[in-house]
**Student:** 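Here it is, the structure, as structure tokens.
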Amino acid sequence: MTAAAKAYGIRTVLFMAGYAVALVLAIGGGLDAIAGANGWVLAAAVAAPVAGQIWATLAFIRDSDEFVAAVTAKRFILAAGLAIALAVFWGFAERLAGAPHLEAYWIYPVFWALMGAAPIFVRDSSR
């Protein structure tokens, strides 16, 4: 395992754990009592692990060899594009087709699920 991969693994566990705890608290109602200005601070704190994970992924790309960097970047772009397309689709499905409302924070786990599936479609660094 390369040093870049090891650092990425550690960073991923830490940032994903932070988000998972926040998500469980939010779903379970543990954050409902916080409102007003404190709610904004809490929302920013919950978003921090998301920003941290994006930084960890970009650092992994930066610190990897050209092949791994290119493949990872292609997978990241594919997953991000599909996640954005799904979010737009669902937003309009809610508005126009009566689809049930989904909280926006679900896009993050959906993105990482798509990132996990991306190796099925992106296996090399060629165009």
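Quick note: numbers below take in every heavy atom, side chains included, and nothing from hydrogens, waters or symmetry partners.
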**Student:** Consider only side-chain N and O atoms of Glu66 and Ser125, and report whether a donor and an acceptor are under 3.5 Å apart.
**Tutor:**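 Looking only at side-chain atoms, Ser125 and Glu66 do not form any donor-acceptor pair under 3.5 Å.
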**Student:** Ignoring hydrogens, what is the shortest heavy-atom contact between Thr72 and Met115? Give both atom names and the distance.
**Tutor:** O-CE, 4.1 Å
**Student:** Identify the two heavy atoms, one from Ala69 and one from Ser64, that lie closest to each other, and give their separation to 0.1 Å.
**Tutor:**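 For Ala69 versus Ser64, the nearest heavy atoms are N-CB, 4.1 Å.
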**Student:** Is there a path of hydrophobic side-chain contacts, each under 4.5 Å between heavy atoms of I/L/V/M/F/W/Y residues, joining Met16 to Val21?
**Tutor:** yes
**Student:** Side-chain heavy atoms nearer than 4.5 Å, only ILVMFWY residues, links allowed to pass through others: does that put Val50 and Leu14 together?
**Tutor:**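 As far as the 4.5 Å side-chain criterion goes, Leu14 and Val50 are not connected within one cluster.
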**Student:** Would you kindly confirm whether Phe67 and Val122 end up in one hydrophobic cluster when ILVMFWY residues are joined by side chain heavy atoms under 4.5 Å apart?
**Tutor:**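 Yes: a chain of side-chain contacts under 4.5 Å links Phe67 to Val122.
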**Student:** Is there a path of hydrophobic side-chain contacts, each under 4.5 Å between heavy atoms of I/L/V/M/F/W/Y residues, joining Phe111 to Val13?
**Tutor:** no
**Student:** Roughly how far apart are Lys6 NZ and Ile10 CD1, rounded to 0.5 Å?
**Tutor:** 7.0 Å
**Student:** Can you measure from CG (Leu58) to CD (Gln53) and round to the nearest 0.5 angstrom?
**Tutor:** 10.0 Å
**Student:** Begin with the C-alpha distance, continue with both residues' side-chain angles, and end with the deciding distance and a verdict on side chain to side chain contact (heavy atoms under 4.5 Å, CB included) for Trp90 and Arg95.
**Tutor:** CA-CA 9 Å; Trp90 198 260; Arg95 181 169 176 86; over 6 Å; no
**Student:** Apply the test side chain to side chain contact (heavy atoms under 4.5 Å, CB included) to residues Thr57 and Arg11: give CA-CA distance (whole Å), side-chain angles for both, the deciding distance (0.1 Å), then the verdict.
**Tutor:** CA-CA 9 Å; Thr57 304; Arg11 291 169 180 158; over 6 Å; no
**Student:** Is it the case that the ring center of Phe60 lies less than 6.0 angstrom away from the ring center of Phe76?
**Tutor:** no
**Student:** Would you indicate whether the side-chain heavy atoms of Arg123 and Val71 approach each other to under 4.5 Å?
**Tutor:**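 Of all side-chain heavy-atom pairs linking Arg123 with Val71, none is under 4.5 Å.
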**Student:** Could you pull out the closest heavy-atom pair between Val46 and Pro49, with the gap in Å?
**Tutor:** O-CD, 3.0 Å
**Student:** If you round to the nearest 0.5 Å, how far is CG of Leu114 from CG of Leu86?
**Tutor:**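 Those atoms lie 6.0 Å apart.
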**Student:** Following the transitive rule for hydrophobic clusters with a side-chain heavy-atom cut-off under 4.5 Å over Ile, Leu, Val, Met, Phe, Trp and Tyr, establish whether Trp106 and Phe92 coincide in one cluster.
**Tutor:**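 Trp106 and Phe92: separate clusters.
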**Student:** Just verifying a value: how many Å separate Leu82 CG and Phe89 CZ, rounded to the nearest 0.5 Å?
**Tutor:**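 Here the interatomic distance stands at 13.5 Å.
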**Student:** Just how far is it from atom CD1 of Ile120 to atom CZ of Arg75, taken to the nearest 0.5 Å?
**Tutor:** 10.0 Å
**Student:** Between Ile107 and Ile84, is there a side-chain heavy-atom distance shorter than 4.5 Å?
**Tutor:**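 They are not in side-chain contact.
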**Student:** Might you work through the side chain to side chain contact (heavy atoms under 4.5 Å, CB included) test for Glu94 and Leu102, ending with a clear yes or no?
**Tutor:** CA-CA 9 Å; Glu94 284 183 17; Leu102 291 177; 4.3 Å; yes
**Student:** Given the rule in the ring pair (Phe, Tyr, Trp, His ring centres under 6.0 Å) test, do Phe15 and Tyr8 qualify, once you have shown the distances and angles that lead to the verdict?
**Tutor:** CA-CA 10 Å; Phe15 289 127; Tyr8 177 72; 10.0 Å; no
